[in-house]
Enquirer: 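The structure is given below, and queries will be raised subsequently.
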Amino acid sequence: MTEGLAAQVALLTRQVAELQRVVADRVASGGEGQPPVYVTVEEWVRDYLLPGFPRPVGEVGLVRWHWCEQWWRHDEAVTRLTALWYGWEHARLEMTGMLG
């Protein structure tokens with residue numbers, strides 16, 4: 001199971017790097033010119049994701065899944081959340097009115 005998770009993290013890391021290259025290329029070429037709604041993944045998680053998808057934070061009884069108060073200290077979480085953030089920003093530009 002650890003190998004599978006490592007493979008998923010590696011894939012998501014590559015995808016995030018590719019999205020970063022695409023964004024940098026668009027900015028360099030004068031692309032779409034629309035700034036992101038959320039400047040950082042931390043801002044996106046705090047202001048969009050957590051309020052929309054609440055989960056208990058920290059250790060909570062017998063709950064199987066929960067948010068860690070310091071999610072940014074977990075590479076897997078940072079990689080997955082960054083990929084979600086980039087995907088959200090991209091979808092916001094592509095699908096008018098679908099994400100708000």
Enquirer: List the atom of Pro36, the atom of Glu89, and the distance in Å for their closest heavy-atom pair.
Expert: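 The answer is CA-OE1, 3.4 Å.
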Enquirer: Which heavy atom in Glu43 sits nearest to a heavy atom in Thr40, and how many Å separate them?
Expert: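 In terms of heavy atoms, the two residues are closest at N-OG1, 3.0 Å.
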Enquirer: Are Trp88 and Val37 side-chain neighbours, meaning at least one heavy-atom pair lies under 4.5 Å?
Expert: yes
Enquirer: Testing the basics here: between Leu81 and Leu49, what is the closest heavy-atom pair and its distance to 0.1 Å?
Expert: CD2-CD2, 3.4 Å
Enquirer: Find out whether Glu42 and Trp85 are in side-chain contact, i.e. whether some heavy atom of one side chain is under 4.5 Å from a heavy atom of the other.
Expert: no
Enquirer: Below 4.5 Å, heavy atoms only, C-beta onward: do Arg80 and Gln8 meet side chain to side chain?
Expert: yes
Enquirer: Locate the shortest heavy-atom distance separating Trp44 from Leu84; write the atom from each residue and the value.
Expert: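 Reported closest heavy-atom pair: CH2-CB, 3.7 Å.
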Enquirer: Please identify each residue that fulfils side chain to side chain contact (heavy atoms under 4.5 Å, CB included) with Thr79, with sequence neighbours left out.
Expert: Val9, Leu12, Thr13
